[in-house]
Amino acid sequence: YAEYTGCTEIYSFEPHPELFDRCQKQAEDCLKKNPNLSIKVIKKALYEDGEFELSLEDNESSLFTESSNKLKIESISFKTFLKENNIKDKINRIKMNCEGAEFVILKDLIESNIIFDEILVQFHERDDERNDLLKQFLDRNYQVWGHYRPIDVWPVWFSIVHPNTRPELIAHAKHRR
């Protein structure tokens, strides 16, 4: 994606220790191929400022799943992240699969007035809240597409695209699977 858009900075958040190590390795491999990139893998959840318990279930790790197997992790809010990294005007792309934290992150994003080309987000239930957030983006003239996988009854992944995004990126977002 970075080569396609000209993006030079990538931030990745992963609080789960094993998954963090995998992300770090992938970032290192990517930097070998693309030395002009800046990739920062952050060992925190992107949610709210503070410490939280992350469930460590076999098939998912989440701040919102009840479990006897938990790990205390650090978390940072999107607002704090933007401030600490001096991001004030634009973000090329955001991809989120954050097991329920997307609702808080997207509210922070709306309040920040940061412009972005595309958000690719996986929503986790809470249909009314999802629909309200998507309506807020539509009210700001963003385009929204739902993406179906063969196993989905309704879209789980959504692209939210800024109206001034380059046409080839919009075409890519529309046809994502």
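In what follows, every heavy atom counts, from backbone to side chain, and hydrogens, waters and symmetry copies are set aside. All of these numbers come straight from a predicted model, not from anything done at the bench.
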Any non-hydrogen side-chain atom of Pro15 less than 4.5 Å from a side-chain atom of Lys44? no
Heavy-atom side-chain proximity of Glu48 to Val104 below 4.5 angstrom: yes
Cationic N near anionic O, under 4.0 Å, Glu74 to Lys43: no
Do Tyr142 and Ile119 pass the side chain to side chain contact (heavy atoms under 4.5 Å, CB included) test, and can you show the C-alpha distance, the side-chain angles, and the key distance before you say yes or no? CA-CA 10 Å; Tyr142 281 83; Ile119 296 175; over 6 Å; no
Which residues pass the ring-ring contact (aromatic ring centres under 6.0 Å, His included) test with Phe103, sequence neighbours left out? Phe123
From Glu28 atom CD to Cys23 atom SG, the distance as rounded to the nearest 0.5 Å: 11.5 Å
Minimal non-hydrogen separation, Met96 against Trp157, with atom names: O-CZ3, 3.4 Å
Considering only heavy atoms from C-beta outward, does the side chain of Phe158 approach that of Val144 to under 4.5 Å? yes
Ile91 side, atom CD1; Asp117 side, atom CG - distance, nearest 0.5 Å: 10.5 Å
Between Leu120 and Arg93, does the side chain to side chain contact (heavy atoms under 4.5 Å, CB included) criterion hold? Intermediate values first, please. CA-CA 8 Å; Leu120 180 62; Arg93 183 170 191 245; 3.4 Å; yes
Sole candidate of Gln136, Glu129, Glu102 that passes side chain to side chain donor-acceptor pair (under 3.5 Å) when paired with Lys107: Glu129
With sequence neighbours left out, the residues meeting side chain to side chain donor-acceptor pair (under 3.5 Å) with Asp127 are Arg130
Can you check whether Thr8 reaches Asn36 side chain to side chain, under 4.5 Å on heavy atoms? no
Go through the steps for Asn86 and Lys88 under the test side-chain hydrogen bond (donor to acceptor under 3.5 Å, both in side chains), then give the verdict. CA-CA 6 Å; Asn86 200 28; Lys88 297 179 181 174; 3.3 Å; yes
Atom CG of Leu106 and atom CD1 of Ile160: how far apart are they, to the nearest 0.5 Å? 5.5 Å
Leu82/Asp108 under side chain to side chain contact (heavy atoms under 4.5 Å, CB included): CA gap, chis, key distance, verdict: CA-CA 10 Å; Leu82 293 174; Asp108 281 355; over 6 Å; no
Qualifying residue for side-chain contact (heavy atoms from CB on, under 4.5 Å) with Ile105, from Leu46, Ile94, Val121: Leu46
Side-chain heavy atoms of Tyr11 within contact of Ile42, under 4.5 Å: yes
Given ring pair (Phe, Tyr, Trp, His ring centres under 6.0 Å), test Phe81 with Phe13 step by step and report yes or no. CA-CA 11 Å; Phe81 165 73; Phe13 297 85; 5.0 Å; yes
The reported gap from CG in Asp89 to OG in Ser112 (rounded to nearest 0.5 angstrom) is 10.5 Å
Using a strict threshold of under 4.0 Å (side-chain N to carboxylate O), is an ion pair present between Lys25 and Asp29? yes
So do Ile114 and Ile87 actually touch side chain to side chain, heavy atoms under 4.5 Å? yes
What's the spacing between Lys40 NZ and Gln24 CD if we round to 0.5 Å? 12.5 Å
Between atom NZ of Lys90 and atom CG of Asn164, what is the distance when rounded to the nearest 0.5 Å? 8.5 Å
Check against side chain to side chain contact (heavy atoms under 4.5 Å, CB included), Leu31 and Leu37: CA-CA 6 Å; Leu31 286 171; Leu37 280 178; 3.9 Å; yes
Report yes if some heavy atom in the side chain of Asp49 is under 4.5 Å from a heavy atom in the side chain of Ser75; otherwise report no. no
Glu53 and Lys72 ion-paired at < 4.0 Å: no
Minimum side-chain heavy-atom gap Phe116-Asn92 below 4.5 Å: no
